[in-house]
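Ligands are counted one by one from 1 in listed order, and the atoms in each one are counted from 1 as well. Small disclaimer: the values here were computed from a predicted structure and weren't measured.
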Amino acid sequence: MAPALLIRDLTQVASPAGTGAPLRGAGLRRVDVVEDAYVLCRERSVAAVGRMAELEPLDGDVVEVDGRGLVALPGFVDCHTHACFAGDRVEEFDLRAGGASYEELHAAGGGILSTVRATRAAGEGALRAALERRRVAMRSHGTTTWEAKSGYGLDHDTELAQLRAIAAVGGVPTWLGAHAVPPEHGDADAYLDFALAEVLPEAAAIAEAADVFLERGAFDAGQARRYLEACGRAGLALRVHADQFTEGGGIPLAIELGARSVDHLEATGDAGVRSLAASDVTAVLLPVAALVLGRPQPPGRALADAGAAVALATDFNPGSAFGESLPLVCVLACTQAGLAPAEALAACTVNAAHVLGRADRVGRLAPGYDADVVLLDAPDWRYLAYHVAGGDVAVVVERGEVAWRR
Ligand code: NIG
Ligand code: FE
C-alpha cells in the first residue's frame with residue numbers, strides 16, 4: 001500500500017460546497033471553508049478533510065506536508081485549451097500591437113492557418129515534447145486536469161497526431177476538426193466532406209468531445225450543425241466556440257443538440273444570456289482571449305445572475321490567449337467580468353470538471369474525490385482572484401503525490 005499523504009496545519013481548506021454539478025445561482029457562491037485544517041489523501045483519493053484539533057492518530061506509513069501559512073484548494077481544471085501546437089505567433093503579436101486586427105490577419109492566411117503550417121511541419125514527437133513542457137507550466141499555475149483541442153492539423157495525419165499527443169501527455173482530447181478551412185480545400189463544405197469521412201472515424205476513437213469554431217470567416221451555423229450532428233452520432237460530447245466576435249446562432253444550436261458547453265460569448269446579448277440560463281449548457285468564459293484581443297468581456301455577471309452554469313478556462317493558444325494561468329483567469333473574471341471569488345472558484349473547479357464529464361471525481365476537496373490539491377502561499381483562499389500575477393501557487397499535489405513545488 002502506498003503511504004498516505006497528510007497535508008497538515010493549513011490556514012484554510014476551501015472547496016465549492018454541495019455535491020452536484022454544475023453549480024448555478026446561489027449554489028455557485030457557496031464555498032465550504034475549514035480553518036486550521038488538514039487534508040488526508042489515501043490511494044490517490046481524498047480520504048478526509050477536517051480541523052487539526054479533530055485529527056485522529058494515523059496508522060501505517062504517512063508522508064507529511066507542512067501546510068503552515070498555506071491554503072488548500074481543489075486542483076484547478078482547465079476545460080478549454082489549444083495547448084497542442086508548434087511554433088508561436090510572436091510576429092503577429094507584434095503586428096497586432098501596432099494596430100492589425102486578429103480577423104484581418106486570419107483573412108490574410110495568418111492567424112490559425114499560420115499555426116496549422118507550423119504544426120503540420122513539426123512531427124508528432126516534437127508536438128508531444130512541446131506539449132509536455134506546457135503541461136509543466138500549467139501545473140505550476142495549479143492546473144491538475146486539462147483539456148486540449150486539435151484543430152491545428154486540419155489534415156488526417158496531423159489531427160490524429162495532435163489527439164494522440166494530448167492523450168499521451170495526460171490531457172482530455174477534444175477533436176476541433178472544424179477550426180478553420182485549410183487552403184487545399186475549396187470551401188468549408190468541401191473541407192467538412194473530407195473531415196467527416198476521413199478523420200472523424202479515427203478521431204472519435206481518441207477524443208472525448210468535438211468542437212467547432214462557429215464564426216464569420218470560419219464555419220456558419222448550418223455547417224456547425226452538420227459537423228456536430230455527425231460527431232454526436234459517433235459518440236462524442238459536443239462543444240461550440242460561439243459568439244466570440246458576432247452572435248452567429250451558436251447558443252440555440254448548442255441547446256438544441258444538447259452540447260456540454262458554449263465557449264467565448266464575448267458578443268452574447270440579453271436573449272442569449274436568458275436562453276443559456278434556462279438550459280443545461282454550461283457557459284465557458286475565456287477572459288484572457290477578450291483581454292488580449294481587446295474585445296468586450298463576456299457577460300459573466302448577467303449569466304450568473306440569470307442562473308446559468310458558468311465555467312472559466314484559459315483558452316491557452318498561440319494567437320488570442322498565450323497564457324496557462326487559471327489564477328490570472330480568476331483575477332480577470334472578478335475584476336472585468338463581474339464574478340465573485342466564490343463563483344470564480346466553482347467555475348474553474350466543479351463546473352469546469354462538469355464540462356469535461358468528470359465532476360463526480362474532480363473539482364472538490366472532499367472524501368472520495370481525486371487527491372488533486374493546490375496549496376497557495378496566502379492567508380485567505382480569495383487571494384486566488386485577488387493577487388494579480390501573484391505566483392501564490394506553492395505546492396501542487398496530483399493523485400495523492402506532490403507533483404510540483406515552487
Ligand atoms: O478560441 N477562436 C478560435 N480559436 C481560438 C484561437 C486559436 C488561435 O488563434 O490560434 C480561440 O480563441
Ligand atoms: Fe478556443
Can you tell whether the side chains of [X] and [Y] come within less than 4.0 Å, N to carboxylate O?
X: E401; Y: R399; result: no
X: K149; Y: D211; result: yes
X: E124; Y: R128; result: no
X: R44; Y: E398; result: no
X: E64; Y: R8; result: yes

Any idea which atoms of ligand 1 are less than 4.0 Å away from a heavy-atom of [X]?
X: D315; answer: 1 (O), 11 (C), 12 (O)
X: F213; answer: 2 (N), 3 (C)
X: H179; answer: 3 (C), 4 (N), 5 (C), 7 (C)
X: S320; answer: 6 (C), 9 (O), 11 (C), 12 (O)

TODO: Quickly, which of F85, F219, Y227, Y152 forms a ring-ring contact (aromatic ring centres under 6.0 Å, His included) with H179? Name it, please.
DONE: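 That would be Y152.
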
- [ ] Spell out the protein N/O/S atoms under 2.8 Å from the Fe ion (ligand 2) as residue plus atom name.
- [x]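 Result, waters dropped: H80 NE2, H82 NE2, H241 NE2, D315 OD1.
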
Task: Working for salt bridge (charged side-chain N to carboxylate O under 4.0 Å, His left out), residues R120 and E159 - done: CA-CA 9 Å; R120 285 179 176 181; E159 283 293 307; over 6 Å; no

Is the closest heavy atom of [X] to ligand 1 under 4.0 Å?
X: I112; answer: yes
X: H264; answer: yes
X: Y102; answer: yes
X: R89; answer: yes

TODO: Count the heavy atoms belonging to other residues, nucleotides or ligands that lie under 6.0 Å from CG of D270, then report whether that count exceeds 12.
DONE: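 No, CG of D270 has 12 or fewer neighbouring heavy atoms, counting only those of other groups under 6.0 Å.
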
Task: Option with minimal heavy-atom separation from atom 10 (O) of ligand 1, where the choices are Y152, F245, F322 - done: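 Ranked by closest heavy atom to atom 10 (O) of ligand 1, first place is Y152.
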
Task: Distance from atom 2 (N) of ligand 1 to nearest protein heavy atom, with residue and atom - done: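 The answer is Q244 OE1, 2.8 Å.
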
Task: Distance from atom 5 (C) of ligand 1 to nearest protein heavy atom, with residue and atom - done: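 Nearest protein contact, heavy atoms only, for atom 5 (C) of ligand 1 is H82 NE2, 3.5 Å.
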
Open item on the list: Looking at every heavy atom in both L105 and R96, which two are closest together, and how far apart are they?
Closed with: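 Here L105 and R96 meet closest at CD1-CG, 3.5 Å.
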
Open item on the list: With no hydrogens and no angle check, just 3.5 Å: does a side-chain donor-acceptor pair link R364 and Y369?
Closed with: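 A donor-acceptor contact under 3.5 Å links the two side chains.
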
TODO: Return a yes/no value for T115: is any of its N or O atoms, backbone included, closer than 3.5 angstrom to an N or O of ligand 1?
DONE: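 No.
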
Task: Working for side-chain contact (heavy atoms from CB on, under 4.5 Å), residues L154 and E184 - done: CA-CA 10 Å; L154 307 178; E184 65 273 20; 5.8 Å; no

Task: Qualifying residues under ring-ring contact (aromatic ring centres under 6.0 Å, His included), relative to H185, sequence neighbours excluded - done: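 Here the qualifying residues are Y191, F194.
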
